[in-house]
Amino acid sequence: MAPVNRPKDKKHEKAHERQSEEAKSSGKRKLDYEGQQNVPLTKKLLLRKNKAQEKIGNVSSGIVSTLSSEIFRDPYKSYHSLLSFPFDRRVTCLEWHPTHPSTVAVGSKGGDIILWDYEVLTKTCFIKGKGPGDSLGGMKFSPYESAKLYVASGDGTLSLQDLEGKLVQVISRAPDCGHENHNVCCWYCSVDVSASCRAVVTGDNLGNVVLLSTSGEEIWKLKLHKKKVTHVEFNSRCEWLLATASVDQTVKIWDLRNIKNKANFLHVLPHDKPVNAAYFSPTDGAKLLSTDQRNEIRVYSCSDWTKPQHLIPHPHRHFQHLTPIKATWHPRYDLIVVGRYPDPNFPGYTAHELRTVDIFDGNTGEMVCQLYDSNASGIISLNKFNPMGDTLASGMGYNILIWSREEMVMKKQEHLLKAMTEQGIGSRSLSRRGRQRQANPGTSKLKAKLLFCEVEETGTKAKDSKSQGRK
DNA sequence: ACCGAATGATACC
DNA sequence: TGGTATCCCTTCGG
């Protein structure tokens with residue numbers, strides 16, 4: 001996917017003019033377009049980044065700052081999130097290390113990969129990409145060697161990247177198109193690896209799905225979708241079950257033992273918009289979570305693929321220059337995390353709606369809570385809990401955010417909800433609009449107490465990170 | 001403070 | 001079926 005010369009977006013220019021005109025006439029600033037209070041965050045962070053880099057020497061990434069965060073419904077609570085700013089392009093994919101609890105791998109639109117242990121600054125590993133066109137669509141740690149990553153790139157390659165030796169083994173290469181202004185018209189967009197099948201699946205931007213051995217021999221290549229395959233995934237509990245998601249507005253479920261053509265899927269799950277992702281639930285592999293390109297999150301159950309078990313309305317519309325928003329599962333509970341992109345056309349939209357990280361209960365479809373960090377006001381496209389489920393990593397523009405104590409917050413919140421239900425205290429102060437300070441003094445005292453405990457539990461950790469960031 | 005670049009999806013010929 | 005104009009309307013860096 002090399003850069004292509006495209007006509008100028010005249011409408012864009014017009015829109016700019018229009019906005020400037022409106023800004024002049026109404027006395028409003030352009031950035032108030034969606035009612036966001038757009039703090040010039042990046043500038044501040046940049047300054048801090050430069051300072052941090054001066055102090056830590058020539059390290060390509062660093063902990064920029066320790067930010068205080070808040071959960072909306074818990075105005076009395078604050079905890080910390082870490083932020084890293086390692087790339088010169090957007091974050092496009094994110095994977096937790098399978099065994100190391102504080103290490104994430106993050107890929108960018110320029111092909112850069114960072115392996116970041118946010119607790120030990122010196123353990124950062126940075127692999128420079130090829131720049132424009134080397135956009136990383138997906139990454140997956142090898143189930144055999146955790147120092148190796150399967151990487152699907154916009155340059156048309158699927159490779160096995162050694163993070164220690166930094167060697168790369170190209171496993172598959174999409175055909176060269178031979179055009180003048182770019183080299184590939186076809187590139188891989190997603191990967192998954194099955195340990196039990198010793199197989200790798202990948203999907204490309206034209207609708208092809210390729211099954212390979214882990215060393216790269218092609219087993220088959222079939223056009224299973226009409227358009228880009230945004231996601232491919234093996235089921236963790238059933239080794240022959242495969243899910244594919246596509247911008248052709250479908251998710252398809254396949255029996256790997258019997259794939260012949262695009263029509264012999266086990267199930268089709270039609271959507272109203274292109275689909276960004278479709279993840280099987282890690283708890284039992286029996287549910288499937290899909291995110292479309294506008295306003296739906298769906299939860300399907302394997303007991304009935306004909307209709308979603310829950311259809312959760314949620315604003316996360318597609319935009320060209322935004323990494324597609326993907327909802328993911330918590331590894332241990334049926335919880336769903338997803339970044340919110342407030343949409344004036346979404347029912348219930350309010351002018352001051354924030355770009356939160358929303359957490360839903362996968363069994364009821366109800367929102368459980370929202371995360372927000374006033375120092376990180378961008379749209380958070382990617383969210384993934386670590387395998388232990390106690391930390392959340394997010395991709396926001398060029399940044400990586402790490403939210404700590406997440407699981408404890410959730411656990412405590414569960415207890416809290418239970419306690420509140422038992423006491424007959426309405427727990428619906430946890431509704432989306434509950435951003436107004438909540439009313440029940442009894443509840444808030446309880447919350448404050450619980451939350452205080454959490455701060456105590458992990459206080460040391462937070463302090464450590466802080467001091468590292470400021471070293 | 002302002003502007004250009006990057007470049008996904010689709011409608012339409 | 002392929003080329004291109006239009007729309008969606010963010011974020012960074014100069």
Side-chain angles (χ1 to χ4, degrees), chain A residues 1-24 28-36 38-47 49-50 64 83 85-92 108-112 129 131-135 137 154-155 177 179-182 184-187 189-190 204-207 223 225-230 245-249 271-276 292-295 315-326 339-346 355 376-382 395-400:
Chain A
M1 187 179 52
V4 185
N5 293 329
R6 298 172 111 243
K8 278 215 168 175
D9 189 341
K10 282 169 196 157
K11 272 288 155 69
H12 185 178
E13 282 171 14
K14 273 185 204 158
H16 253 278
E17 283 165 27
R18 210 187 312 130
Q19 279 182 3
S20 303
E21 283 307 310
E22 279 166 16
K24 271 181 216 158
K28 263 190 177 176
R29 298 190 49 235
K30 195 162 69 181
L31 293 173
D32 289 342
Y33 173 60
E34 277 179 3
Q36 298 297 337
N38 264 317
V39 188
L41 161 77
T42 45
K43 296 232 164 117
K44 273 194 231 159
L45 291 179
L46 247 183
L47 286 172
K49 177 201 171 196
N50 292 339
V64 175
L83 196 138
F85 189 92
F87 300 129
D88 60 353
R89 273 159 218 277
R90 265 155 47 197
V91 167
T92 54
S108 86
K109 194 135 187 68
D112 298 336
D134 196 14
S135 179
D155 74 350
C177 66
H179 288 146
E180 267 178 39
N181 42 1
H182 58 274
V184 278
C185 277
C186 177
W187 61 89
C189 305
S190 50
D204 70 22
N205 62 318
L206 304 176
K223 182 149 181 190
H225 284 277
K226 293 196 188 102
K227 293 182 179 175
K228 182 198 273 182
V229 179
T230 50
S246 168
V247 332
D248 72 7
Q249 313 197 355
H271 285 62
D272 295 336
K273 285 284 174 232
V275 187
N276 287 336
D292 79 347
Q293 289 196 352
R294 179 132 290 228
N295 54 24
H316 51 255
R317 82 200 114 122
H318 172 84
F319 173 58
Q320 186 181 7
H321 302 295
L322 248 193
T323 298
I325 293 174
K326 296 174 181 184
R340 166 178 292 250
Y341 178 10
D343 182 351
N345 295 317
F346 186 78
R355 295 147 163 194
S377 63
I379 295 161
I380 300 173
S381 300
L382 302 175
M396 179 189 79
Y398 292 30
N399 306 286
I400 308 162

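Order of the sequence lines sets the chain letters (A, B, ...), proteins ahead of strands, with each chain counted from 1.
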Map A/Arg294 and A/Ile380 onto DNA chain C by nearest heavy atom, then report which one ends up closer to the 5' terminus. A/Arg294

Of A/Tyr398 and A/His318, whose nearest nucleotide on DNA chain C comes first from the 5' end?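 Mapping each residue to its closest nucleotide by heavy atoms, the 5'-most match is A/His318.
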
Would a 4.5 Å heavy-atom cut-off, applied to side chains only, mark A/Arg340 and A/Arg355 as touching? no

Just compare [options] and give me whichever is closest to any side-chain atom of [X].
X	options	answer
A/Val247	C/dT10, B/dT10, C/dG13	B/dT10
A/Gln249	C/dC8, B/dG8, B/dT10	B/dT10
A/Pro274	B/dT10, B/dG8, C/dT11	B/dT10

Using only side-chain N and O atoms of [X], determine if any of them is under 4.0 Å from OP1 or OP2 of [N].
X	N	answer
A/Gln293	B/dG8	no
A/Arg90	B/dG8	no
A/Asn205	B/dA9	no
A/Lys273	B/dA9	no
A/Arg317	C/dC9	yes
A/Lys228	B/dA9	yes

Interatomic distance, A/Phe319 CZ vs C/dT6 C1' [rounded to whole Å]: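 For the pair A/Phe319 CZ and C/dT6 C1', the rounded distance is 13 Å.
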
Quick one: A/Phe87 CZ to C/dT11 C1', roughly how many Å, whole number?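 Rounding to the nearest Å, CZ of A/Phe87 and C1' of C/dT11 are 16 Å apart.
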
Hey, are A/Gln293 and A/Asn276 close enough side-chain-wise for a donor-acceptor pair under 3.5 Å? yes

Could you check whether A/Asp292 and A/His316, counting side-chain N and O atoms only, form a donor-acceptor pair closer than 3.5 Å?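 A pair is found: one side chain offers a donor N or O, the other an acceptor, under 3.5 Å apart.
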
Which distance, rounded to the nearest 0.5 Å, do you find between the CZ of A/Phe87 and the OG1 of A/Thr92?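 Here the interatomic distance stands at 8.0 Å.
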
ring centroid sep under 5.5 Å plus plane angle under 30, A/His321 with B/dA6: yes

